[in-house]
Amino acid sequence: MAGYACYTERFAGDLDGVGERIDYLQELGVTYLHLMPLALPRPGDNDGGYAVADYRRVRPDLGSLRDLRRLAGTLRQHGISLVLDLVLNHVAREHDWAVRARAGDPTYRDYFLVFDDREQPDSYERTLPEVFPDFAPGNFTWDDDLAGWVWTTFNSWQWDLNWANPQVLLEFASLVLDMANLGVEVLRLDAIAFVWKRMGTDCQNQPEVHAVTQLLRTVARIAAPALAFKAEAIVGPRDLVAYLGTGRHAGRVSDLAYHNSLMVQVWSMLAARNTVLARHALAALPPVPASSTWITYVRCHDDIGWAIDDGDAAAVGLSGDGHRRFLSDWYAGSFPGTWADGLVFQHNPATGDRRISGTAASLVGLPHDPELGLARLVLAHAIVAGWGGIPVLWSGDELGLPNDAHWADEPGHAGDNRWAGRPRLDAALVAQRHDPSTVPGQVFGALAHLIRVRAGLPQLHAGAPVEVLPDTDDGVLAVVRRHPSGPLVGLYNVTEEPRPFPAARLEAAGLVDPWNALAGHRVDPDPDGTVWLPPYAAWWVVDHP
């Protein structure tokens with residue numbers, strides 16, 4: 001499968017418009033379509049739709065439940081699975097549960113985490129990070145109607161749910177089944193890492209998170225077994241695999257999870273022109289259960305946080321904090337020699353944390369240097385597409401669109417520069433995909449080719465294990481995938497200079513007649529047995545067909 005993610009209104013106007021652009025998605029090779037939050041949000045600022053006021057209503061500007069059901073059926077007829085969000089950690093202050101809680105109903109007050117005074121909130125705050133320190137400092141908000149402090153991890157108007165209350169679990173079990181009945185094939189479990197709270201921790205990745213997921217997954221397996229779960233857990237590399245199931249939860253929680261570590265390491269390799277950290281970090285990840293796989297991606301709708309593990313950095317002689325600061329400087333465009341043009345999002349002076357917003361094209365420097373920028377962009381996508389799992393493109397990246405220069409002009413967006421990376425796709429831009437003289441045409445053609453080649457390589461099926469090859473040239477990432485049809489070696493040069501790779505290692509991987517499936521040429525070493533990878537090369541090497 002190959003995926004595409006977008007905001008409905010920014011991609012095609014409304015749900016009917018999405019149906020009218022199915023040919024566009026098919027040309028790109030898309031078989032998995034994630035439409036960003038469709039449920040009715042609170043009015044005004046709503047965190048891009050993630051402050052849900054009613055899960056069972058569609059935003060009226062996008063259409064109706066009937067329109068959504070019809071679109072799901074149309075997509076399925078064209079071989080495309082519909083993916084929608086289920087926001088688990090919180091609801092909008094305007095949601096009916098919160099309205100009833102504020103009206104004094106004790107049943108619904110217990111749907112939330114409410115404290116009469118600051119004693120417990122202050123105790124929790126000692127170990128809690130701030131998600132949005134710029135515009136939503138702290139994790140608790142006083143509410144006059146409740147006469148208490150309500151837990152609000154993300155924003156004052158996003159109230160965290162009390163998952164220790166079994167009634168909350170029952171509400172969401174019902175929602176899971178309702179969404180399956182609409183024709184949704186994959187549920188993205190938003191903010192899953194945050195749902196369970198424990199004093200003295202950062203209240204993320206608690207063991208009960210996986211028990212909750214298993215309970216919901218069990219309901220789906222009984223009533224709608226084709227429905228897949230996808231964990232939106234943007235966590236450190238050591239916590240990632242648990243969301244695909246380990247120990248007693250193996251095979252019983254999410255079918256899919258975002259490979260945040262791979263995404264971060266791609267950007268790290270490009271900036272540092274070095275693969276040593278990535279090789280160590282990616283090789284250290286444990287294997288995933290056979291029933292699950294990764295969502296791989298160059299970027300998503302959100303900012304990029306630098307989830308570099310301090311232990312991984314120290315193991316290769318780096319400072320984790322120093323490398324994270326370097327990446328922020330590089331992609332903010334403030335490091336000498338950088339080609340990137342990103343925006344700093346949520347600088348936290350206390351921790352030094354600076355996340356980065358921007359389109360993939362702007363982050364690889366495509367607007368300033370079309371030739372090398374395009375090479376970096378294709379390389380990044382080739383790495384994630386060649387890793388296995390389901391690669392997902394964020395809308396606009398397939399056309400090489402730069403940051404939206406007018407992102408702050410729309411109502412409610414001025415304080416959130418993540419909108420710079422969520423450009424609108426008008427008809428004129430979409431039409432340029434067929435014009436190879438334009439940047440959109442070149443990028444669309446290159447990525448569509450990547451997806452077509454990938455679809456013909458059984459070695460890239462998620463069931464084939466991936467192995468990072470050690471001891472390569474510092475500028476080369478090499479991975480091998482083993483499959484009954486034969487091996488595939490992915491070779492990626494993350495530098496602007498030719499880099500060597502020993503041909504003997506291709507033979508050792510099991511390749512007899514090496515062939516670069518992406519470019520359609522034999523892999524011929526020079527007389528001393530060295531294969532030279534051109535600048536920013538991305539090769540998928542298999543035996544000649």
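Note that the numbering runs from 1 along the sequence shown for the chain.
- Note on R482 versus E467: salt bridge recorded, some NZ/NE/NH1/NH2 to OD/OE distance being below 4.0 Å.
- Between D329 and R325, no side-chain nitrogen of the basic residue sits less than 4.0 Å from a carboxylate oxygen of the acidic one, so the salt-bridge criterion is not met.
- Listed for the S395 side chain is no donor-acceptor partner under 3.5 Å among the backbone atoms of C6.
- The aromatic ring centroids of Y243 and W294 lie 6.0 Å or more from each other.
- Considering only heavy atoms from C-beta on, V523 stays 4.5 Å or farther from W515 through its side chain.
- Side chain of R354 to main chain of F345: no donor-acceptor pair is present (N/O by atom type, distance under 3.5 Å, no hydrogens or angles).
- One finds a salt bridge joining R418 and D416 here, because a Lys/Arg side-chain nitrogen approaches an Asp/Glu carboxylate oxygen to under 4.0 Å.
- Checked against a 6.0 Å centroid threshold, the rings of W267 and Y331 count as neighbours.
- Using cut-offs of 30° and 60° on the angle between ring planes, the pair H301 and W394 is tilted.
- Checking side-chain atoms of E185 against main-chain N and O of L82 turns up no donor-acceptor pair under 3.5 Å.
- Annotation: H483, atom NE2; neighbour count of heavy atoms from other residues, nucleotides and ligands within 6.0 Å is above 12.
- Few gaps surround CZ on R505; more than 12 heavy atoms of other groups in view lie less than 6.0 Å from it.
- Side chain of N403 to main chain of A405: no donor-acceptor pair is present (N/O by atom type, distance under 3.5 Å, no hydrogens or angles).
- Note: W306 CH2 to Q265 CD = 10.0 Å, rounded to the nearest 0.5 Å.
- Between F154 and H90, the ring centre distance stays below 6.0 Å.
- Using a cutoff of 4.0 Å between basic side-chain nitrogens and carboxylate oxygens, R324 and D310 are scored as salt-bridged.
- Of the inter-residue distances, the one linking Y124 atom OH with C203 atom SG reads 6.0 Å to the nearest 0.5 angstrom.
- With salt bridges taken as basic N to acidic carboxylate O contacts below 4.0 Å, one links R522 and D513.
- Using a 4.5 Å cut-off on side-chain heavy atoms (C-beta onward), L282 and H259 make contact.
- Relative to the ring axis of F229, R217 places its NZ or CZ within 45° and under 6.0 Å from the centre.
- Proximity of a side-chain donor or acceptor of R481 to a complementary backbone N or O of Q459 within less than 3.5 Å is detected.
- Judged by distance alone, with hydrogens and angles left aside, the side-chain atoms of T31 form no donor-acceptor pair with the main-chain N or O of G79 at under 3.5 Å.
- In summary, D474 and R273 do not engage in a salt bridge, as defined by a charged side-chain N under 4.0 Å from a carboxylate O.
- Taking 4.0 Å as the cut-off between side-chain N and carboxylate O, E208 and K197 do not count as a salt-bridged pair.
- Taking a cutoff of 4.0 Å between a charged side-chain nitrogen and a carboxylate oxygen, E398 and R433 do not qualify as a salt bridge.
- One distance of note links OG of S268 with NE2 of H323; it measures 3.0 Å at 0.5 Å rounding.
- For Y297 and H34, the gap between ring centers reaches or exceeds 6.0 Å.
- Counting only distance, with no hydrogens or angles, the side chain of T246 and the backbone of A250 share no donor-acceptor pair below 3.5 Å.
- The backbone N or O of D528 sits less than 3.5 Å from a side-chain atom of D526, completing a donor-acceptor pair.
- Distance alone, capped at 3.5 Å, places no donor-acceptor pair between the D47 side chain and the G49 backbone.
- Ring geometry, H249 versus H210: the interplanar angle falls from 30° to 60°, so the pair is classed tilted.
- R299 has its side chain within reach of D397: a pair of non-hydrogen atoms, C-beta onward, lies under 4.5 Å apart.
- The main-chain N or O of G358 is never found under 3.5 Å from a side-chain atom of S362 such that the two would form a donor-acceptor pair.
- To the nearest 0.5 angstrom, H544 atom NE2 is 11.5 Å from H521 atom NE2.
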For this session: With salt bridge (charged side-chain N to carboxylate O under 4.0 Å, His left out) as the test, would you mind laying out the steps for D471 and R279 before giving the verdict?
Result: CA-CA 9 Å; D471 304 321; R279 294 202 311 261; 5.5 Å; no
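- Taking the six-membered ring where the residue is Trp, F335 and W330 present tilted rings, their angle falling between 30° and 60°.
- Between R499 and E497 there is a salt bridge, with a side-chain nitrogen of the basic residue lying less than 4.0 Å from a carboxylate oxygen of the acidic one.
- We find the CG-OH distance between L477 and Y492 to be 7.0 Å, quoted to the nearest 0.5 Å.
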